[in-house]
Enquirer: 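Quick one: the structure is below, and I'll ask about it shortly.
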2 protein chains.
Amino acid sequence: MLKLTKKADYGLMALKYLAEHPEMPALSAKDIADAYGIPAQLLAKILQRLTKTGLLRSHAGMNGGYALSRDARKISAYEVIHDIDGPFFITSCTKGSKSCELTPSCTIKEPLARVNDTIAGVLKSISIHDLAEYESPAAKPREAHGLVSLTL
Amino acid sequence: MLKLTKKADYGLMALKYLAEHPEMPALSAKDIADAYGIPAQLLAKILQRLTKTGLLRSHAGMNGGYALSRDARKISAYEVIHDIDGPFFITSCTKGSKSCELTPSCTIKEPLARVNDTIAGVLKSISIHDLAEYESPAAKPREAHGLVSLTL
DNA sequence: GCCTTTTTGGTCAGCTTGAGCATCGAATAT
DNA sequence: ATATTCGATGCTCAAGCTGACCAAAAAGGC
């Protein structure tokens, strides 16, 4: 449960890969797909989508490919997920912040909306640069990056 | 994306309803289903599952039904979701904490696992009692309930 | 000027997963 | 003991997502 889509995962992986190779002016979808062993055609669509939303710059032709449109530190994981999968809400009620149609049902949505906002805040505080920088799983005395308060 | 299952939603709603009616020794699945206008047979399955995991006590026969096995303050939203949908992970890699099979792919899983833990912490800090208490959507100067630190 | 490389867009089959329904079994009150 | 009420189990159907194929446009290199 509460899983991220494979598309979102692939998108994050691709952006991380781009952030790790700033020396390359552009990387093709196939290069990234081969590097991670993920389906190339699916990744291509994801990158196209991210290009449309403005996170990436595409360059067709030989030696073409994709490149980050901004600094990796300025791109949050939230943006990527949001652009790929659309706005996410914890509640099954697909409606944004309105109540569940006509039924007086979901009195739980409201507190869960707070949780939703908290999660969104956490994702917003994480940048692609953070993902790329995270390498050695041992010995990382980093300071607290985000401190999220949940006021129920 | 990142939605909760309808089952989990229904389960939370049912527990909230039980917490709001402590005077009743037991409430039938049909009563709760009618109160919220949700499919009765589906809710029955959910309540049965929660009974199996120990969150609820069932009482068959006439005037039977379900009741909370513990105080509503001692039941967290995390438990409910976990018992219904199983352990959730943000990453698509269904494997628990191991890496993605053989590929050196998911270097992003690790930081996302932190996010996952953060979300779990938030859900653990919310009890069924909190859900039931939350009534008037206006004027609730409540103190901060959970303060979650995310160390990336 | 032609050709290769790479993006772009549309379409479609296969599959996993969740939603919902019908039936069978158990327990209690009269 | 019987009938009613409720819980348990199994099954079917639909939807969303994944993944792939194909054709066309764009842009640089020879």
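Residue numbers start from 1 in every chain, and the chains themselves are labelled A, B, ... in the order their sequence lines are given, proteins ahead of strands. No hydrogens, no waters, no symmetry mates; every other heavy atom, side chains included, goes into these values.
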Enquirer: side-chain hydrogen bond (donor to acceptor under 3.5 Å, both in side chains) with A:Lys30: which residues, sequence neighbours excluded?
Expert: A:Asp34
Enquirer: Between the protein and nucleotides 22-25 of chain C, list every N/O to N/O distance that falls short of 3.5 Å.
Expert:
from   : atom 1 : to      : atom 2 : distance (Å)
C:dA22 : N7     : B:Gln41 : OE1    : 2.9
C:dA22 : N6     : B:Gln41 : OE1    : 3.4

Enquirer: Enumerate the protein-to-nucleotides 4-6 of chain C contacts in which both atoms are nitrogen or oxygen and the separation is below 3.5 Å.
Expert:
from  : atom 1 : to      : atom 2 : distance (Å)
C:dT6 : O4'    : A:Gly61 : O      : 3.3

Enquirer: What integer distance in Å separates A:Gln48:CD from D:dA25:P?
Expert: 16 Å
Enquirer: Please produce a list of atom pairs where a protein N or O lies less than 3.5 Å from an N or O of nucleotides 13-16 of chain C.
Expert:
none

Enquirer: What is the separation between atom CD1 on B:Ile46 and atom C1' on C:dG18, rounded to the nearest whole Å?
Expert: 11 Å
Enquirer: Please examine the side chains of A:Ile119 and A:Val122, heavy atoms only from C-beta on, and report whether any two atoms are closer than 4.5 Å.
Expert: no
Enquirer: At their closest point, which heavy atom of B:Gly11 faces which heavy atom of B:Ile46, and how far apart are they?
Expert: CA-CG2, 3.9 Å
Enquirer: What is the distance, rounded to the nearest whole Å, between atom CD1 of B:Ile32 and atom P of D:dC6?
Expert: 12 Å
Enquirer: For the residue pair A:Tyr10 and A:Met13, establish whether any side-chain heavy-atom pair is separated by less than 4.5 Å.
Expert: yes
Enquirer: Under the side-chain hydrogen bond (donor to acceptor under 3.5 Å, both in side chains) definition, can you give me all pairs with a residue in residues 62-75 of chain B, not counting sequence neighbours?
Expert: B:Arg70-B:Glu79, B:Arg73-B:His129
Enquirer: Under the ring pair (Phe, Tyr, Trp, His ring centres under 6.0 Å) rule, collect the residues that match up with B:His59, sequence neighbours excluded.
Expert: none
Enquirer: If you take all heavy atoms of A:Lys124 and A:Ser76, which pair is closest and at what distance?
Expert: O-CB, 3.4 Å
Enquirer: Check A:Asp9, A:Thr5, A:Leu123 against A:Ile81 for a side chain to side chain contact (heavy atoms under 4.5 Å, CB included) and give me the one that passes.
Expert: A:Leu123
